[in-house]
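The next block holds one structure in the form of structure tokens; read it before the comments.
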Amino acid sequence: MPGMIVTNPPKAAPKDVEALAGYGTATVGEAMGRTGFLGTHLRPIQQGVRVAGTAVTVLCWPGDNLMIHAAVEQCGEGDILVVTTTSPCTDGLFGELFATALAHRGVRGVVLNTGIRDTAELRAMGFPAWSAAVSPQGTVKATGGRVNVPIVIGGQVIHPGDVIVADDDGVVVVPRERARDTAEASEARERKEAAARAAFLEGELGLDRYGLRDKLKQLGVEYRTYEEVES
Ligand SMILES: O=C([O-])CC(=O)C(=O)O
Ligand SMILES: [Mg+2]
């Protein structure tokens, strides 16, 4: 594969990325109309870490991490490296040496639609990572590929410069043009959930808060309330 490296693609504005960093993937995905989720196969190697950053995208040949080396040079402060392969691959394309180089450049984490290795070292150094597999299997540096072109993971298109939000639940992509609106919609959703949480703490039911008793009736669902059963 010949390949290409795009330098300096347009990126989401840092203040929109910072705003999105305040919300989890569930909130951000809901705020985008339940879109943007990259799939349940991408799991974090750590727990309790949430990051947001701008995507530097990489398309590698399976079992070959040459283009990750090329991509490191394109990465800077506030970026998240997002890697996929031209056909399915679980080999350990990425590990602590790459993470060391990326951390030095201010990169916030990595998302790999392939394998990762050195996971204990990565956790110890606090470099956040999400991957489709954990594998010690080594790779070669032999084949061209692409950096900073649109890639697809889990049916979602990721353009370079889009916002990646990742936490314990998984990874979500927010298109660059939607970053500000999505941050605003996320804020509104958090406020709504805070009000619901306060009501649930007082014992209110979702059935009443969301007007779902009528829905059950419409659907012909027969039921008795807890109080009716108890009496
Ligand atoms: O060097 C590699 O091929 C991947 C790796 O283990 C590292 O980055 O530490
Ligand atoms: Mg290594």
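Counting from 1, the numbers follow the sequence of the chain as shown. Start at 1 and go down the list; that is how both ligands and their atoms are numbered.
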Minimum-distance protein heavy atom relative to atom 1 (O) of ligand 1
Arg117 NH2, 4.0 Å
Which atom name would you report as the N, O or S atom of Asp118 nearest the Mg ion (ligand 2)?
OD2
I'd like to know if the side chain of Thr114 reaches the main chain of Cys89, judged simply by a donor and an acceptor atom lying under 3.5 Å from each other, with no hydrogens or angles considered.
yes
Is there a polar contact between ligand 1 and Leu97, counting only N or O atoms under 3.5 Å apart?
yes
Residue Asp118 vicinity, atoms of ligand 1 by number, heavy atom under 4.0 Å
5 (C), 6 (O), 7 (C), 9 (O)
Quick note on ligand 1: atoms under 4.0 Å from a heavy atom of Gly95 include exactly 4 (C), 5 (C), 6 (O), 7 (C), 8 (O), 9 (O)
Do Glu193 and Arg189 sit within salt-bridge range, that is, some charged N less than 4.0 Å from a carboxylate O?
yes
Atom 3 (O) of ligand 1: closest protein heavy atom, distance to 0.1 Å, is Asn65 ND2, 3.0 Å
Under a 3.5 Å distance rule, please check whether Asp91 uses its side chain to pair with a backbone N or O of Thr139 as donor and acceptor.
no
N/O to N/O below 3.5 Å, does that happen between Gly92 and ligand 1?
no
Determine whether a donor-acceptor pair (N or O, by modelled atom type, separation under 3.5 Å) exists between the side chain of Asp167 and the backbone of Thr25.
yes
Under-4.0 Å salt bridge between Arg105 and Asp79
no
What do you reckon, does Phe94 have a nitrogen or oxygen under 3.5 Å from a nitrogen or oxygen of ligand 1?
no
For the residue pair Pro175 and Met32, establish whether any side-chain heavy-atom pair is separated by less than 4.5 Å.
yes
